[in-house]
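So that the names make sense, note that chain A is the first sequence line, chain B the second, and so on, each numbered from 1.
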Amino acid sequence: MAHKPSIPKGTRDFSPQEMAKRNHIFDTIKEVYELFGFSQIETPAMENLSTLMGKYGEEGDKLLFKVINSGDYLKKVSADELATADSTKIISKISEKGLRYDLTVPFARYVVQHRNDIQFPFKRYQIQPVWRADRPQRGRYREFFQCDADVIGSNSLMNEVEIIQMLDKVFTKLDINVVIKLNNRKILAGIAESIGYPEKLIDITVAMDKIDKIGPDAVYDELRGKGIDDDAIQMLEPFMNLQGNDTNQKMNCLGEFIGDSAIGNRGMLEVEEVFDRLKAFDIKNEVELDLTLARGLSYYTGAIFEVVAKDAKMGSISGGGRYDDLTGIFGLKDVSGVGISFGADRIYDVLTELDKFPKTQLKGTQVLIVNFGKEEEKKAVKILTQLREEGISSELFPESAKMQKQMKYANHNNIPWVILAGEDELQSGVLSLKNMESGDQFKITIDELISKVK
RNA sequence: GUGGAUGUAGCUCAGUUGGUUAGAGCGCUGGUUUGUGGUGCCGGAAGUCGUGGGUUCGAGACCCAUCUUCCACCCCA
């Protein structure tokens, strides 16, 4: 090898062992989604750039991977334009496709495009990779999988409640202790309104969101930097300091604060209703009203969710919210949706850190038949076929290699049973079966073997 | 995108103020009287020291660039 081949920054290969673990995560999520009545769709890796641009804020546009046009892609660019070296201007001429940044926007596009075939409310789930041209770090990749579930075409807060149940169920099944954080964009809007800066909603919420990380003083500094005056900042203080999980206290404090804001009040009512409806269900994990939870995506309009693992240092491992008009941008008005996304790659990292992957061997080959040579192979093939017909994953070593090599192969691949069918066994008509874990070996007939391994 | 670290056998890492043929453990591989893996013993292969330049009589060590990974910021799953 002259130069070792490599893969692009922030992308990864997955080994068979890793795939077994990843599938454990995907299967768990899928199972819960289907249990709640969601059905699966897929959309292309590439979307038209016009579908993606402007949906994720200014930062998001920068993080989009653009796909350069095929053929002579510079043909449409004049020499003058090229000379300006203005990449933002030129990009629109040389690229009209981009890799999807998330699954929600492509879904909105899907809903609008197929509106006549869809029966609302439409509950779909989607498990596919997304791409972001971010700088990679731990738990942060340029290609990663999202596992989305959305209900579109229903305003009922029952959907929010179901989503919280699904979050709870998935993380309970995966054995990760989490805090499910809940907030509402309308409350945040009420706060911005009450301190006199309704137009600074995004700046205020982005700053508030960081309180856990950088502390109140740094948040106030950032707000000042955004042009919020000290009086307004002072008004924020009381509930910036509201910690813990006392929902009533938070709501009371909030009521006094944003009582005059119509939108704020609506947000409070929504949150109250969600908590109220939630009482009818047995939720295993903590559900916390977190008034500082903001979430960057600009399309959220109501409930917002975020899930954080209690026992691992990792950003959010799941997030979502309600968006009242995502399809509006694509020409379909007044269709509200609410959804969540599990970050499978981060969940993988958390499970690895906490050593929480199931210990029981994830299903692989159960039986290896040792290959003793041409003659014995004929009998071995029959046994192999019989085992497979019984639904037992089994393989015959493809060549009559040394016994040591074949045993090592079984060992390395965690194959629990090895069948020895050599000259002796063919004579006597019984097989030798070896348990690779205990090392025990005994004579057995094929039928006994099948019932034992099955 | 901004700032800071990192990169030596497949993996985890040693490598002294620049000085002969670059080391260990694990893994891999061969043997241990040829029908038995995972534990023992003996042997072996394996590295253009991330890549490309430069300084020097001499560079794995120093300088520059570039890439990767990691860390902080931004933002986020």
Side-chain angles (χ1 to χ4, degrees), chain A residues 1-12 15 25 29 56-64 87 100-104 127-148 202 205-207 209-210 213-214 218 222 225 293-298 305-309 313-321 339-350 368 370-373 376 397 400-426 431-441:
Chain A
M1 265 187 281
H3 286 286
K4 277 186 188 169
S6 62
I7 54 176
K9 186 201 288 221
T11 64
R12 294 150 302 155
S15 68
I25 297 170
I29 293 169
Y56 309 105
E58 217 174 300
E59 283 299 315
D61 283 355
K62 285 187 205 157
L63 299 180
L64 279 172
S87 46
R100 62 166 169 255
Y101 178 92
D102 72 358
L103 300 177
T104 309
I127 298 176
Q128 287 189 277
V130 303
W131 295 268
R132 295 182 189 178
D134 212 346
R135 185 172 290 203
Q137 270 180 44
R138 173 169 300 285
R140 186 174 230 191
Y141 308 99
R142 288 187 148 184
E143 178 185 62
F144 61 97
F145 272 72
Q146 287 192 333
C147 313
D148 275 35
I202 300 289
T205 53
V206 164
D209 196 42
K210 293 178 194 163
K213 209 170 175 183
I214 62 176
E222 182 166 333
L293 171 63
R295 295 191 56 76
L297 293 177
S298 43
F305 315 102
E306 190 157 289
V307 178
V308 184
K313 265 194 179 173
M314 180 62 69
S316 59
I317 51 178
S318 189
I340 40 161
S341 182
F342 289 89
D345 304 83
R346 284 192 175 176
I347 292 171
Y348 182 97
D349 290 347
V350 169
L368 175 77
V370 171
N371 191 325
F372 281 94
E376 293 88 340
F397 202 85
S400 66
K402 282 191 179 141
M403 176 72 78
Q404 183 175 243
K405 186 174 172 70
Q406 302 195 39
M407 295 303 277
K408 271 193 172 177
Y409 177 83
N411 199 52
H412 185 80
N413 291 300
N414 287 313
I415 299 173
W417 303 101
V418 170
I419 291 175
L420 296 119
E423 212 177 327
D424 300 349
E425 285 81 3
L426 293 188
L431 305 168
S432 292
L433 179 69
K434 176 158 181 158
N435 181 320
M436 291 301 280
E437 207 185 325
S438 64
D440 297 341
Q441 188 170 321

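- By the salt bridge (charged side-chain N to carboxylate O under 4.0 Å, His left out) test, A:Lys210 is found to be paired with A:Glu222, residues two or more places apart in sequence or in another chain being considered.
- The CZ-C1' distance, from A:Arg12 to B:C70, rounds to 15 Å in whole Å.
- Spacing of P atoms, B:U6 relative to B:C70, comes out at 16 Å, to the nearest Å.
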In B/S/- notation, 5' to 3', how is nucleotides 30-37 of chain B contacted by protein heavy atoms closer than 4.0 Å?
-SB--BBB

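- Looking at heavy-atom distances under 4.0 Å, A:Gln137 makes contact with a base.
- Comparing B:G1 with B:U17, their P atoms sit 38 Å apart, to the nearest whole Å.
- Note on A:Gly373: nothing from the nucleic acid sits closer than 4.0 angstrom, heavy atoms only.
- Side-chain polar atoms of A:Asn371 and A:Ser400 form no donor-acceptor pair below 3.5 angstrom.
- A:Arg142 has its CZ atom 15 Å from the C1' atom of B:C70, to the nearest Å.
- At a threshold of 4.0 angstrom between heavy atoms, the contacts of A:Phe342 with the nucleic acid are absent.
- Look at NZ on A:Lys210: it is 9 Å from P on B:C73, rounded to the nearest Å.
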Show each protein N/O and nucleotides 42-47 of chain B N/O combination with a separation under 3.5 Å, one pair to a line.
none

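- In terms of the side-chain hydrogen bond (donor to acceptor under 3.5 Å, both in side chains) criterion, residue partners of A:Glu143 (sequence neighbours excluded) are, by chain and number, A:Trp131.
- The CD-C1' distance, from A:Glu143 to B:C76, rounds to 17 Å in whole Å.
- A:Glu59 is linked by a salt bridge (charged side-chain N to carboxylate O under 4.0 Å, His left out) to A:Lys62, counting only residues two or more places apart in sequence or in another chain.
- Shown here are the salt bridge (charged side-chain N to carboxylate O under 4.0 Å, His left out) partners of A:Arg12, two or more places apart in sequence or in another chain: A:Asp345.
- Across the interface with RNA chain B, nearest-nucleotide mapping of A:Pro8 and A:Glu222 shows A:Pro8 to be the residue nearer the 5′ end.
- Partners of A:Pro136 under the side chain to side chain contact (heavy atoms under 4.5 Å, CB included) rule, at least two apart in sequence or in another chain, are A:Lys9, A:Arg142.
- The NZ-C1' distance, from A:Lys9 to B:U6, rounds to 14 Å in whole Å.
- If you take atom P in B:C49 and the same atom in B:C62, they sit 16 Å apart, rounded to whole Å.
- Between B:U16 and B:C76, the two C1' atoms lie 45 Å apart (nearest whole Å).
- At a threshold of 4.0 angstrom between heavy atoms, the contacts of A:Gly60 with the nucleic acid are absent.
- Stem regions annotated for RNA chain B: B:1-5 with B:69-73, B:10-13 with B:23-26, B:28-32 with B:40-44, B:50-54 with B:62-66, counting only runs of 3 or more consecutive pairs of Watson-Crick or G-U type with both contacts under 3.5 Å.
- Applying the side-chain hydrogen bond (donor to acceptor under 3.5 Å, both in side chains) test to A:Gln406 and every residue at least two apart in sequence or in another chain returns nothing.
- Between A:Leu368 atom CG and B:G38 atom P there is a gap of 15 Å when expressed in whole angstrom units.
- Comparing the C1' positions of B:U56 and B:C13 gives an interatomic distance of 29 Å, to the nearest angstrom.
- In this structure, of B:C70, B:U69, B:C74, it is B:C70 that holds the atom nearest to the side chain of A:Arg138.
- On the C1' atoms, B:U48 is 33 Å away from B:G31, given to the nearest whole Å.
- The residue A:Arg135 sits close to a base: some heavy atom pair falls under 4.0 Å.
- Look at the P atom in both B:A46 and B:G54: the space between them is 30 Å, to the nearest Å.
- If you check every strand for non-hydrogen atoms under 4.0 Å, A:Ser341 touches nothing.
- What you find for A:Leu293 and A:Phe305 is that their closest heavy atoms are CD2-C, 4.1 Å.
- Residues that satisfy the side-chain hydrogen bond (donor to acceptor under 3.5 Å, both in side chains) test with A:Ser318, not counting sequence neighbours, are absent from this structure.
- For A:Val308, the side chain to side chain contact (heavy atoms under 4.5 Å, CB included) partners two or more places apart in sequence, or in a different chain, are A:Lys181.
- Residues passing the side-chain hydrogen bond (donor to acceptor under 3.5 Å, both in side chains) test with A:Lys408: none are found, sequence neighbours excluded.
- Annotation: the span from A:Ile25 atom CD1 to A:Ile347 atom CD1 amounts to 6.0 Å, rounded to 0.5 Å.
- As rounded to the nearest Å, B:A65 and B:U2 have P atoms that lie 14 Å from one another.
- If you take CG of A:Leu64 and P of B:G1, they are 14 Å apart, rounded to a whole angstrom.
- The backbone N or O of A:Pro129 lies less than 3.5 Å from a partner atom in the side chain of A:Arg100, making a donor-acceptor pair.
- Here the P atom of nucleotide B:G27 and the CG atom of A:Asn413 are 17 Å apart, to the nearest Å.
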